[in-house]
Number of protein chains: 2
Amino acid sequence: MTNDHSIAASTGFLLSKIGQTTTNLFAEKLAPLGLRPKHCGLLAAVAGLPSASQQDLGSAMSLVPSAIVSIIDDLETARAIRRTQDVVDRRRHSIELTEKGRSLLKRVSKLAHEVDDQVLASLSAAERAALHSILVRVALDAGILQGDQQG
Amino acid sequence: MTNDHSIAASTGFLLSKIGQTTTNLFAEKLAPLGLRPKHCGLLAAVAGLPSASQQDLGSAMSLVPSAIVSIIDDLETARAIRRTQDVVDRRRHSIELTEKGRSLLKRVSKLAHEVDDQVLASLSAAERAALHSILVRVALDAGILQGDQQG
DNA sequence: TATTGTTATACTCTATAACTATA
DNA sequence: TATAGTTATAGAGTATAACAATA
């Protein structure tokens with residue numbers, strides 16, 4: 001039926017499908033907190049780029065400025081981050097985690113690792129480690145992670 | 001900054017991000033053909049499940065019936081698939097690839113493998129093979145692939 | 001003039017619910 | 001009464017363009 005040249009045999013197809021499944025699983029776990037995966041992506045980006053501007057975060061996450069605004073609005077309403085107007089360039093807003101944001105980040109990180117345990121349940125510890133280190137390489141190469149974020 | 005307990009250090013986070021990037025890249029390559037990734041997912045599902053009903057395809061792709069209808073409408077308009085009313089149960093429609101659909105599937109499969117080459121450019125052949133076989137395991141476990149589709 | 005962030009808007013994706021035709 | 005497919009509709013996600021404040 002399928003073979004080496006089919007779509008289903010491409011690694012990218014598997015990455016797309018598994019990535020979507022993983023996102024959905026994470027979204028379910030996040031729902032009781034009133035958060036969505038995009039909010040966690042931003043929290044992670046803020047943690048990795050302290051005092052970044054909204055545009056800095058936008059390029060780190062490959063999102064357009066208008067998309068960043070709505071995510072930041074949500075997280076500011078939840079008191080997880082804080083906008084501070086830059087004193088030298090008053091057009092810019094520095095985004096920083098609040099204490100509440102830091103504790104929220106810990107909670108959602110725990111949920112993310114629970115998702116790992118579910119999605120990767122059938123892998124041995126060695127396979128999990130191999131998968132992770134290969135994915136870090138791919139992510140660094142694609143500019144998804146910065147050099148200090150491979151954890 | 002980040003550490004073993006951060007979101008960015010979770011394998012699921014990487015799978016989500018890389019999966020999204022891969023999908024976007026595939027979508028760009030597909031655009032000149034007037035297709036989107038979802039159409040290719042359906043073509044692949046039809047190839048893997050010949051003469052399936054729309055509901056069969058829906059469960060294979062984890063999509064609700066109404067979502068399947070619009071994808072099938074598009075592909076039928078493009079003459080890539082054919083709806084045939086089941087003779088024993090006239091509520092059901094068997095979906096089959098046309099000759100045009102088969103050749104389209106070949107073209108998009110080639111594009112999918114081009115995406116692989118881009119996304120996985122920094123990996124050795126051995127790493128690519130290791131990644132692929134681990135992802136097949138994860139996908140089978142998550143019910144994303146059927147047993148005969150690992151290519 | 002150019003840039004940062006914002007608003008308004010549009011398009012796609014996905015899901016739910018009501019509907020039809022068949023069983 | 002239940003099921004396969006369809007339609008209508010609504011919500012979330014993501015992009016573009018016009019705009020205000022500031023440089």
Side-chain angles (χ1 to χ4, degrees), chain A residues 16-17 19-28 30-31 33-42 45-46 49 51-77 81-96, chain B residues 16-17 19-28 30-31 33-42 45-46 49 51-77 81-96:
Chain A
S16 292
K17 288 286 195 176
Q20 190 59 58
T21 300
T22 304
T23 303
N24 292 344
L25 212 55
F26 190 43
E28 282 173 29
L30 236 32
L33 299 178
L35 294 176
R36 295 174 179 282
K38 63 179 180 178
H39 299 118
C40 299
L42 188 80
V46 172
L49 298 167
S51 297
S53 72
Q54 297 186 191
Q55 287 210 348
D56 293 338
L57 295 170
S59 29
M61 296 178 69
S62 302
L63 288 179
V64 295
S66 61
I68 293 291
V69 169
S70 96
I71 302 175
I72 287 185
D73 282 350
D74 293 345
L75 288 172
E76 196 174 44
T77 300
I81 61 171
R82 195 187 297 120
R83 278 177 168 104
T84 310
Q85 200 175 37
D86 190 300
V87 285
V88 277
D89 183 345
R90 290 188 304 170
R91 292 172 306 182
R92 299 176 72 109
H93 291 161
S94 290
I95 309 300
E96 285 171 57
Chain B
S16 292
K17 288 286 196 177
Q20 190 58 60
T21 300
T22 303
T23 304
N24 292 344
L25 211 55
F26 189 43
E28 283 173 27
L30 235 34
L33 300 178
L35 293 176
R36 296 174 178 282
K38 62 179 180 178
H39 299 119
C40 299
L42 189 80
V46 173
L49 298 166
S51 298
S53 71
Q54 298 186 191
Q55 287 208 351
D56 292 338
L57 296 170
S59 28
M61 297 178 67
S62 302
L63 288 179
V64 295
S66 61
I68 293 290
V69 168
S70 96
I71 302 175
I72 288 184
D73 283 349
D74 293 345
L75 289 171
E76 195 174 45
T77 301
I81 60 171
R82 195 187 299 118
R83 277 177 169 104
T84 310
Q85 201 175 37
D86 191 299
V87 286
V88 277
D89 183 344
R90 292 187 303 170
R91 292 172 304 181
R92 302 185 128 230
H93 291 163
S94 289
I95 308 299
E96 284 172 55

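A note on names: the letters A, B, ... follow the listed sequences, proteins ahead of strands, and every chain is numbered from 1.
In terms of position on DNA chain D, the residue among His93(B) and Val88(A) whose nearest nucleotide sits closer to the 5' end is His93(B). Between Ser66(B) and Val69(A), the residue anchored nearer the 5' end of DNA chain C, judged by the nucleotide with its closest heavy atom, is Val69(A). Of the residues near DNA chain D, Asp86(A) and Pro37(A), the one whose nearest nucleotide (by heavy atom distance) lies more toward the 5' end is Pro37(A). With DNA chain C read from its 5' end, the first of the two nearest nucleotides for Val87(B) and Ala67(B) is the one closest to Ala67(B).
Minimum atom distance to the side chain of Leu63(B) is reached by dA15(C), of the listed dT12(C), dA15(C), dG5(D). With dT6(C), dG5(D), dA15(D) as the choices, the nucleotide that has an atom nearest any side-chain atom of Ser53(B) turns out to be dG5(D). The side chain of Arg36(A) lies closest to dA12(D) when the candidates are dT12(C), dG5(D), dA12(D). Of the candidates dT22(D), dG5(C), dT16(D), the closest approach to any side-chain atom of Arg91(A) belongs to dT22(D). Among the nucleotides dT16(D), dT22(C), dA4(D), the one closest to the side chain of Arg90(B) is dT22(C).
What separates CD1 of Ile72(B) from C1' of dT6(D) is a distance of 12 Å, to the nearest Å. Distance CG (Asp73(A)) to P (dA8(C)): 12 Å, rounded to an integer number of Å. When the C1' atom of dT12(C) is taken as reference, atom CD of Gln20(A) falls 14 Å away, rounded to whole Å. What separates CD of Glu76(A) from C1' of dG5(C) is a distance of 13 Å, to the nearest Å. Put simply, CZ on Arg92(B) is 12 Å from P on dA23(C), counting in whole angstrom units. Regarding Leu42(B), its CG atom lies at a distance of 12 Å from the P atom of dT14(C), rounded to whole Å. The interatomic distance linking Asp56(B) (CG) with dT3(D) (P) rounds to 15 Å, in whole Å. The CD1-P distance, from Ile68(B) to dT16(C), rounds to 14 Å in whole Å.
Phosphate proximity of dT6(D) to Arg83(B): present, with a side-chain N or O under 4.0 Å from OP1 or OP2. The side chain of Gln85(B) places no N or O atom within less than 4.0 Å of a non-bridging phosphate oxygen (OP1 or OP2) of dA4(D). Proximity of Gln54(B) to the phosphate of dA4(D): no side-chain N or O atom is located under 4.0 Å from OP1 or OP2.
The two atoms that bring Leu75(A) and His39(A) nearest to each other are CD1-O, 3.8 Å, heavy atoms only.
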Start with the C-alpha distance between Ser53(B) and Asp56(B), add both sets of side-chain angles, then the distance that settles side chain to side chain donor-acceptor pair (under 3.5 Å), and finish with yes or no. CA-CA 5 Å; Ser53(B) 71; Asp56(B) 292 338; 3.2 Å; yes
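Between the side chains of Ser16(B) and Thr23(A), a donor-acceptor pair is found at a separation under 3.5 Å. A donor-acceptor pair shorter than 3.5 Å cannot be found between the side chains of Asn24(B) and Glu28(B).
Judged purely by atom type and a 3.5 angstrom limit, Ser59(B) uses its side chain to pair as donor or acceptor with the backbone of Gln55(B).
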